[in-house]
Asks: 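Okay, handing you the structure first.
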Amino acid sequence: MTYDSQRNTQHRLQRTRTPGYLHHGPDNGKSDVVIDCGWGRLLLSHTFSSPSALAQALLQEGEDKRDIALYVRDPHKVLAKAPQQLFLDPSDTLRLWLSDYRPKATPIGGIRIRRAQDKADASAINRLYRQHGLKVIPDTLPAEARLSQGHLLLLAEDANDGTVIGTVTGLNYRELADDPDRGSSLWCLAVDRDAARPGVGEALVRFLAEKFQAKGAAFMDLSVMHDNSAAIGLYESLGFRPLQSFAIKTRSAFNQKLFMGPQDFSGLNPYARIIVDEAVARGIDVTVTDAARGLFTLHHGGKDVQCFESLTSQTHALAMLRCQDKSLTHQCLRRAGLKTPPYRLSDGSQADKAFLHQQQRIVVKPLDGEQGKGISIDVRQGDELEAAIALAKHHGDKVLLEALMPGNDVRILVIGNKVVAAARREPPFVVGDGRLSIGELIAKQSRRREAATGGESRIPVDDETIRTLKAQKVDLDTVLEAGKSLAVRRTANLHTGGRLVDVTGQLHPHLVDVALKAAKALDIAVVGMDLLVPDVTQSEYVIIEANERAGLANHEPHPTAQRFIDHLFPLSCHHKEP
């Protein structure tokens with residue numbers, strides 16, 4: 001073997017080798033390196049003098065933080081020092097050699113990336129962290145995140161309106177730990193699940209790689225859950241490859257789902273899972289009856305509560321009937337002195353067209369429908385009415401005609417006679433790039449929404465979508481100009497691609513009273529009240545629906561699942577209510 005080939009072979013071996021203990025020291029970089037990332041600490045395991053020192057450092061995890069020991073070569077030795085308090089994290093470590101990295105030939109447009117600077121930026125980052133179930137950072141950004149050359153906390157903004165749509169953290173080990181290997185790492189990549197622009201995650205990863213490459217870093221590592229196939233696919237497409245390394249974390253309540261073992265709730269949808277995770281964290285036993293349908297039972301203190309997501313066995317049949325039958329909902333609420341739109345049950349007679357003529361613009365929906373299925377909004381013509389009624393009948397025998405009222409669609413969540421959260425519901429839209437057709441943009445946006453919500457939200461390409469596009473004089477084949485936004489449906493339901501924007505803190509006191517009065521009129525303890533309001537800061541409203549199985553997910557930062565479990569099992573409550 002020649003000298004050059006031997007050197008190349010050693011170089012390839014070096015790239016796959018995990019750093020070991022005593023690699024660092026007084027003359028070779030810092031030792032016992034702990035980097036504060038805001039959400040917790042990163043412990044560079046190979047800089048610690050022994051497995052015992054590393055274990056002791058991990059056990060100093062701060063309250064409500066998430067510490068990670070990375071580059072653990074001999075995890076069994078560390079776990080042996082505290083087997084009841086530590087566990088092996090089920091994540092893969094991936095590495096990108098920056099000498100091999102090449103920038104994208106065509107830059108991703110419409111995205112501006114900058115460094116986080118202030119409290120508003122911290123709030124925007126924490127909103128994204130909560131979406132993805134991550135630990136949050138302090139509201140006041142530490143100096144390390146604002147000023148350090150080694151700690152980069154980045155934001156991705158929509159270039160059109162400045163909305164924060166992504167974030168990532170980068171750590172440069174040479175700056176932070178005098179690392180002789182010139183390493184770096186990427187953490188907490190989070191993209192807004194409602195972002196209409198494609199390529200946000202890729203843009204952030206590439207920006208960080210090019211930043212570290214310019215600073216002379218040799219490689220960039222990251223840790224990703226072993227079963228997160230979508231993220232792993234993105235990273236592999238950029239050149240990341242597996243590194244034979246391990247990570248160790250503490251057995252905290254936050255990490256409980258990672259080390260609980262045989263309890264597998266992965267088949268539950270996000271609306272059931274958020275409840276089950278909160279229950280398990282409190283020591284409440286869970287029996288999953290039918291994961292696909294979101295059916296499970298909670299057991300605690302001799303009390304059993306059967307659940308269909310947020311609908312429980314404590315909700316009586318009459319309350320369910322009042323919510324499911326939308327005409328009955330209108331009757332109950334009107335008797336309570338609450339406002340609802342003019343309506344009628346369709347009977348296929350000329351009276352349906354007379355109602356349309358009188359109201360001019362109406363909504364057609366199944367009488368007993370859910371998840372936005374079969375709804376047609378802003379029906380104005382007789383032929384549209386017939387098509388809308390036919391569509392609604394695909395999802396129920398009876399059809400409700402309802403006057404289209406102006407205003408924003410607002411969901412107010414009531415649990416146990418308290419308003420827990422409120423959100424404005426917005427219809428799905430796409431943003432053009434000058435290359436893709438509207439149909440292709442819808443498909444890409446729908447895939448992102450589906451991935452972000454565990455398959456619960458997608459944009460259907462149906463008669464309602466086609467009708468919405470036609471009203472704007474475009475179709476699925478139209479190429480949308482770069483930067484232009486286009487609503488692709490009128491319905492704001494989450495299941496059909498809509499999104500929620502938190503407005504809890506802006507809600508007018510009268511709207512709070514209206515939601516509570518409506519829940520009392522329907523005699524239901526857990527309900528999502530849907531209102532149309534001109535402005536959430538004003539008192540004017542009409543109630544359009546009541547959802548007896550309201551989704552508790554997607555209301556960050558409000559602890560909806562926590563309040564739900566408080567309501568079912570008050571004795572399990574260990575926190576102070578606001």
Side-chain angles (χ1 to χ4, degrees), residues 13-95 133-135 171 173 176-181 183 185-188 219 221-228 232 241-266 277 280-283:
L13 289 173
Q14 182 69 26
R15 285 189 170 207
T16 62
R17 189 172 297 149
T18 303
Y21 295 111
L22 301 179
H23 177 75
H24 287 215
D27 301 321
N28 197 17
K30 295 180 181 178
S31 59
D32 295 350
V33 174
V34 178
I35 302 172
D36 186 356
C37 300
W39 41 260
R41 303 176 304 159
L42 176 65
L43 288 72
L44 301 186
S45 304
H46 58 294
T47 69
F48 280 74
S49 59
S50 68
S52 179
L54 178 60
Q56 289 303 312
L58 270 171
L59 295 178
Q60 296 171 15
E61 181 178 77
E63 185 178 356
D64 202 32
K65 296 294 182 181
R66 175 181 63 118
D67 290 354
I68 303 172
L70 194 64
Y71 307 122
V72 182
R73 186 182 64 184
D74 298 318
H76 56 292
K77 295 180 181 179
V78 181
L79 295 176
K81 300 300 178 181
Q84 301 301 318
Q85 296 138 302
L86 303 177
F87 73 99
L88 190 64
D89 181 47
S91 296
D92 291 335
T93 304
L94 305 181
R95 171 167 291 181
L134 302 175
K135 285 289 185 183
L171 303 175
Y173 298 157
L176 297 170
D178 296 334
D179 179 28
D181 293 332
S185 59
L186 175 156
W187 298 92
C188 296
F219 57 82
D221 293 344
L222 58 84
S223 180
V224 59
M225 286 299 297
H226 70 94
D227 57 355
N228 190 347
I232 291 173
R241 297 294 178 261
L243 182 70
Q244 296 304 307
S245 178
F246 300 95
I248 291 179
K249 297 177 181 175
T250 62
R251 292 178 181 262
S252 64
F254 180 78
N255 291 327
Q256 191 169 22
K257 57 187 176 183
L258 300 178
F259 63 80
M260 280 298 290
Q263 288 185 295
D264 181 12
F265 303 129
S266 58
D277 285 347
V280 169
R282 296 197 195 188

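If you read the sequence from its start, that first residue is 1, and numbering goes on from there. Side chains included, hydrogens not; waters and symmetry mates left out as well; all remaining heavy atoms used. Bear in mind that the values here come from a model prediction, so they are computed numbers and not experimental data.
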Asks: Look only at the side chain of K30 and the backbone of D179, and say whether a donor-acceptor pair between them is shorter than 3.5 Å.
Replies: no
Asks: So, using salt bridge (charged side-chain N to carboxylate O under 4.0 Å, His left out) as the criterion, who are the partners of R41 when residues are at least two apart?
Replies: D67
Asks: Can you name the residues that form a ring pair (Phe, Tyr, Trp, His ring centres under 6.0 Å) with F87, not counting sequence neighbours?
Replies: F259
Asks: Just how far is it from atom CG of L222 to atom OG1 of T93, taken to the nearest 0.5 Å?
Replies: 8.0 Å
Asks: If the condition is side chain to side chain donor-acceptor pair (under 3.5 Å), which residues does S252 pass it with, not counting sequence neighbours?
Replies: N255
Asks: Any idea which heavy atoms bring S245 and Y71 closest together, and the distance?
Replies: OG-CA, 3.0 Å
Asks: Between R66 and C188, which heavy-atom pair has the shortest distance, and what is it?
Replies: NH2-SG, 3.9 Å
Asks: Determine the minimum heavy-atom distance between S91 and M225, stating which atoms define it.
Replies: OG-SD, 3.4 Å
Asks: Do you know which two heavy atoms are closest between A55 and K81, and how far apart they sit?
Replies: CB-CB, 3.7 Å
Asks: Residues two or more places apart in sequence or in another chain: which of them pass salt bridge (charged side-chain N to carboxylate O under 4.0 Å, His left out) with D221?
Replies: R95
Asks: Within this structure, what is the CG-CG distance for the pair D74 and L54, rounded to the nearest 0.5 Å?
Replies: 11.0 Å
Asks: What closest approach, in Å, do P83 and R251 show between heavy atoms, and which atom pair accounts for it?
Replies: O-NE, 3.6 Å
Asks: Tell me, please, which residues at least two apart from W187 pass side chain to side chain donor-acceptor pair (under 3.5 Å).
Replies: S185
Asks: Going by ring pair (Phe, Tyr, Trp, His ring centres under 6.0 Å), name the residues that satisfy it together with Y173, two or more places apart in sequence or in a different chain.
Replies: none
Asks: Taking atom NZ of K249 and atom CG of L43, what is their separation to the nearest 0.5 Å?
Replies: 12.5 Å
Asks: Return the set of residues passing side chain to side chain donor-acceptor pair (under 3.5 Å) with D92 (not counting sequence neighbours), or none when no residue passes.
Replies: none
Asks: Supply the atom-to-atom distance L134 CG to F254 CZ, rounded to the nearest 0.5 angstrom.
Replies: 6.5 Å
Asks: May I have the step-by-step check of side chain to side chain contact (heavy atoms under 4.5 Å, CB included) for V72 and F48, ending in yes or no?
Replies: CA-CA 10 Å; V72 182; F48 280 74; over 6 Å; no
Asks: Could you give the distance from CG (D178) to OG (S31), rounded to the nearest 0.5 Å?
Replies: 10.5 Å
Asks: Could you pull out all residues at least two apart from K135 that satisfy salt bridge (charged side-chain N to carboxylate O under 4.0 Å, His left out)?
Replies: D64
Asks: State, to 0.1 Å, how close L88 and P75 come at their nearest heavy-atom pair, and which atoms those are.
Replies: CD1-CB, 3.6 Å
Asks: Sequence neighbours left out, what passes salt bridge (charged side-chain N to carboxylate O under 4.0 Å, His left out) with D277? Give chain and number order.
Replies: R273
Asks: Please enumerate all residues that pass side chain to side chain donor-acceptor pair (under 3.5 Å) together with T250, with sequence neighbours excluded.
Replies: E61
Asks: Once you round to the nearest 0.5 Å, how far does CG of L70 lie from CG of D89?
Replies: 9.5 Å
